[in-house]
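Note that this is a predicted model, so its numbers are computed, not measured. Residues: numbered from 1 along the sequence shown. All heavy atoms count here, side chains included; hydrogens, waters and symmetry mates do not.
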Amino acid sequence: MNGLIALVAGVLFGFGLDLARMTDPERVLGFLDIAGTWDPTLVFVLAGAVVTTTIGFRLMGRGDSWFGGPMRLPQRSDVDRPLVLGATLFGAGWGLAGYCPGPGLAALVQGAADPAWFVAGLALGMIIFARVSRRA
């Protein structure tokens, strides 16, 4: 049942990303180009996501999730080297490709060819991270 709920949530999230046009890399790159022809319209999308997430976390509290099982929210708040390195790589990848993971996968499902390279690089990065973090 949890797999079905995750699938429905993922599909809804993908539709939302497409509705907000986050799957269009040119639009995203226009948002990131603050020194050029900046397109600020995605600020509203990001603000809506932050507000929705904050309300959702407040409603759920720290107990069990609505569908069973404990909530697993991050407990750490420190900034360490792996976090800074990961955030830097994430930002560089987003700025170069115009995709972050969710929109990249949503665009791939739509049948576009461009996000295939992004998703392949994402998968490779996840494999490398898993191997490196296992050694540490």
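Shown here for Gly102 and Phe13, the closest heavy-atom pair between the two residues is CA-CE2, 4.3 Å. In terms of heavy atoms, Ala97 sits closest to Pro25 at O-CB, 3.5 Å.
Judged as a salt bridge (Lys or Arg N to Asp or Glu O under 4.0 Å), and not counting sequence neighbours, Arg81 has no contacts. Here Val109 pairs with nothing under the side-chain contact (heavy atoms from CB on, under 4.5 Å) rule; sequence neighbours left out. Taking the side-chain contact (heavy atoms from CB on, under 4.5 Å) definition, one finds that Leu108 meets it with Pro115, Ala116, Val119, sequence neighbours left out. Residues satisfying the side-chain contact (heavy atoms from CB on, under 4.5 Å) criterion with Val50, sequence neighbours excluded, are Thr54. The side-chain contact (heavy atoms from CB on, under 4.5 Å) search around Asp78 returns Arg76, Asp80, not counting sequence neighbours. Contacts of Arg58 classified as side chain to side chain donor-acceptor pair (under 3.5 Å), with partners at least two apart in sequence or in another chain: none.
Leu29 and Leu96 are members of different hydrophobic clusters when ILVMFWY side chains are connected at heavy-atom separations under 4.5 Å.
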Please output the side-chain donor-acceptor pairs of residues 34-44 that fall under 3.5 Å, not counting sequence neighbours, one pair per line with the distance.
| unit_1 | atom_1 | unit_2 | atom_2 | d |
| --- | --- | --- | --- | --- |
| Trp38 | NE1 | Phe31 | O | 2.6 |
| Asp39 | OD1 | Thr41 | N | 3.2 |
| Asp39 | OD1 | Thr41 | OG1 | 2.8 |
| Asp39 | OD2 | Thr41 | OG1 | 3.4 |
| Thr41 | OG1 | Arg27 | NH2 | 3.0 |

N/O donor to acceptor pairs below 3.5 angstrom from side-chain atoms of residues 16-23, sequence neighbours left out:
| unit_1 | atom_1 | unit_2 | atom_2 | d |
| --- | --- | --- | --- | --- |
| Asp18 | OD1 | Thr23 | OG1 | 3.0 |
| Asp18 | OD1 | Gln110 | NE2 | 2.7 |
| Asp18 | OD2 | Gln110 | NE2 | 3.4 |
| Arg21 | NH2 | Asp24 | OD2 | 3.4 |

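Hydrophobic cluster membership of Phe15, counting Ile, Leu, Val, Met, Phe, Trp and Tyr whose side-chain heavy atoms lie under 4.5 Å apart directly or via other members: Leu7, Val11. If you chain together ILVMFWY residues whose side-chain heavy atoms come under 4.5 Å of each other, Phe129 ends up in a group of its own. Listed by chain and number, the hydrophobic cluster partners of Ile128 are Leu124, Val132, where partners are ILVMFWY side chains within reach of under 4.5 Å, directly or through others.
Annotation: ring pair (Phe, Tyr, Trp, His ring centres under 6.0 Å) contacts involving residues 95-123, sequence neighbours excluded, comprise Tyr99-Phe118.
Listed for the Ser133 side chain is a donor-acceptor partner under 3.5 Å among the backbone atoms of Ala130.
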